Protein chains: 2
Amino acid sequence: MQSKLRQHIEEIVSLTDEEFEFVHSHFTHRKAKKRDLLIQEGKSVKHVYFVVSGLLKLLYNDSSGKEHIVSFAMEDWWESDFLAFYSKNNATLSLQCVEDTEVYCITLEDYQNLCAGLQKMEHFFLEKANRGHIGSQQRIISFLTLNASERYEHLLHRHPALLQRVPKTLIASYLGVSRETLSRLIS
Amino acid sequence: MQSKLRQHIEEIVSLTDEEFEFVHSHFTHRKAKKRDLLIQEGKSVKHVYFVVSGLLKLLYNDSSGKEHIVSFAMEDWWESDFLAFYSKNNATLSLQCVEDTEVYCITLEDYQNLCAGLQKMEHFFLEKANRGHIGSQQRIISFLTLNASERYEHLLHRHPALLQRVPKTLIASYLGVSRETLSRLIS
């Protein structure tokens, strides 16, 4: 459990035992069941989550009540409603468990203290933020330039494991197409 | 000129004169003309750019030669083909001047040295990366949940100055609609 977090961080920066103890002391651990909400639209957003095991969906409910998937988060991914988290506003998104999920949670205050207290962690989070930004830029390009069928192929190519684990209805919502359109694409 | 960069950084972290001198020594300055390419698809990406004055468009040319605008960058914005920059691969995007533009440029090596040499700057870039990530997340939500007319209203609300400066053809490309569709939306 702890070692998963350490292993993940050490892919970017190496830590002494003492440093990891300092890092670990800034996180809390939580187990959640399938369908539990870690972030609820309209409520405050207290944490960024690191997924140890399981699967989350970050979703936006439009005014008609339709659910749109902004992103999925599997093992080793960091997820939150980042706008609400950093600005201390209420959530416009919800974060829900698609499977039973174990996460590490960090508050904004602990995140700031951790970065200020250990430059290696500021560097680690900068690397992760840059990669997250790249991933979002790629997703924007796919919306601008690919049709639904090509977006499905793109997802299949980048995250084959995800497609095995996620119900087709959610994949359709992530791609921005109807369940029927997705069925035609993959039949 | 220098003071614009300093003022921008000091919105997040304060710097002594000596520290700013250290920061400044990692950048080069460049003036470019309207239509000049700072990044060219297929070529290496040597810099991230900070816009001092002017306006840039980051664009993707699809296989049919159609141009899609991934983002605009005005004064105080940072822009690059970040995937290519960090991974040292060739550009899949181009970055072109929409107006005569002045930028500060930083290489990957200088970026890394600057972050390692002055933790305040690592903190500054982490803040900027987080905000960039939030902006991208918001744009993904707008693609998933808004129609073209709503996306136009959203852009008008967030960046009114941009709409004054950017030709309508480029706005249409940014919104992912045809020039004719945009004309109907704003007439």
Side-chain angles (χ1 to χ4, degrees), chain A residues 48 58-64 66-71 78-87 89 92-93 108 111-112 115-147 150-151 173-177, chain B residues 48 58-64 66-71 78-87 89 92-93 108 111-112 115-147 150-151 173-177:
Chain A
V48 167
L58 186 69
L59 57 97
Y60 177 84
N61 287 299
D62 69 21
S63 52
S64 71
K66 192 176 160 195
E67 177 181 308
H68 303 269
I69 309 268
V70 180
S71 54
W78 297 79
E79 196 57 276
S80 191
D81 178 337
F82 289 104
L83 174 60
F85 176 75
Y86 289 115
S87 66
N89 287 319
T92 54
L93 306 174
L108 184 57
Y111 170 79
Q112 288 166 340
C115 286
L118 187 58
Q119 182 173 4
K120 281 180 184 178
M121 287 307 294
E122 192 136 64
H123 181 71
F124 169 78
F125 284 119
L126 177 57
E127 284 284 321
K128 297 307 288 185
N130 284 337
R131 292 178 196 186
H133 188 47
I134 288 169
S136 298
Q137 207 175 54
Q138 295 297 305
R139 186 130 190 255
I140 289 167
I141 294 168
S142 81
F143 272 113
L144 282 169
T145 63
L146 303 181
N147 62 33
E150 290 165 334
R151 290 208 294 279
S173 170
Y174 178 84
L175 295 173
V177 299
Chain B
V48 167
L58 186 68
L59 57 96
Y60 177 83
N61 288 299
D62 70 19
S63 53
S64 71
K66 191 176 159 195
E67 177 182 307
H68 303 270
I69 309 269
V70 180
S71 53
W78 297 79
E79 196 57 275
S80 190
D81 177 337
F82 289 104
L83 174 60
F85 176 75
Y86 289 115
S87 65
N89 287 319
T92 55
L93 305 174
L108 183 58
Y111 170 78
Q112 288 165 340
C115 287
L118 187 59
Q119 182 172 2
K120 282 179 185 179
M121 287 306 294
E122 191 135 64
H123 181 70
F124 168 79
F125 283 120
L126 177 56
E127 285 284 321
K128 297 306 289 183
N130 284 336
R131 292 177 197 187
H133 188 46
I134 288 169
S136 299
Q137 208 175 53
Q138 296 297 305
R139 185 133 190 253
I140 289 167
I141 294 169
S142 81
F143 272 114
L144 282 168
T145 64
L146 303 181
N147 62 33
E150 292 165 331
R151 290 208 295 279
S173 170
Y174 178 84
L175 295 173
V177 299

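Here is how names work: the chains are called A, B, and so on, in the same order as the sequence lines, proteins then strands, and each is numbered from 1. None of these values were measured; they are calculated from a predicted model.
- Of the two parts of Leu146(B), neither the backbone nor the side chain holds a non-hydrogen atom closer than 4.5 Å to a non-hydrogen atom of chain A.
- Only the backbone of Ser173(B) comes within contact range of chain A, judged by heavy atoms closer than 4.5 Å.
- For Ser64(B), no part lies near chain A; criterion is any non-hydrogen pair under 4.5 Å.
- Heavy-atom distances place both the backbone and the side chain of Leu83(B) under 4.5 Å from chain A.
- Lys66(A) has its side chain out of reach of Thr145(B): every pair of non-hydrogen atoms, C-beta onward, lies at least 4.5 Å apart.
- The part of Gln138(B) that comes within reach of chain A is its side chain, from C-beta onward, which places non-hydrogen atoms under 4.5 angstrom from that chain.
- Heavy atoms of Phe85(B) lying under 4.5 Å from chain A are absent altogether.
- If you measure heavy-atom distances from Tyr86(B) to chain A, the contacts under 4.5 Å come from the side chain alone.
- With a threshold of 4.5 angstrom between heavy atoms, Ile134(B) approaches chain A through side-chain atoms but not through N, CA, C or O.
- Proximity to chain B involves both the backbone and the side chain of Phe125(A), based on heavy atoms less than 4.5 angstrom apart.
- Contact annotation for Ser80(A): only backbone heavy atoms (N, CA, C, O) come within less than 4.5 Å of a heavy atom of chain B.
- Only the side chain of Ile141(A) comes within contact range of chain B, judged by heavy atoms closer than 4.5 Å.
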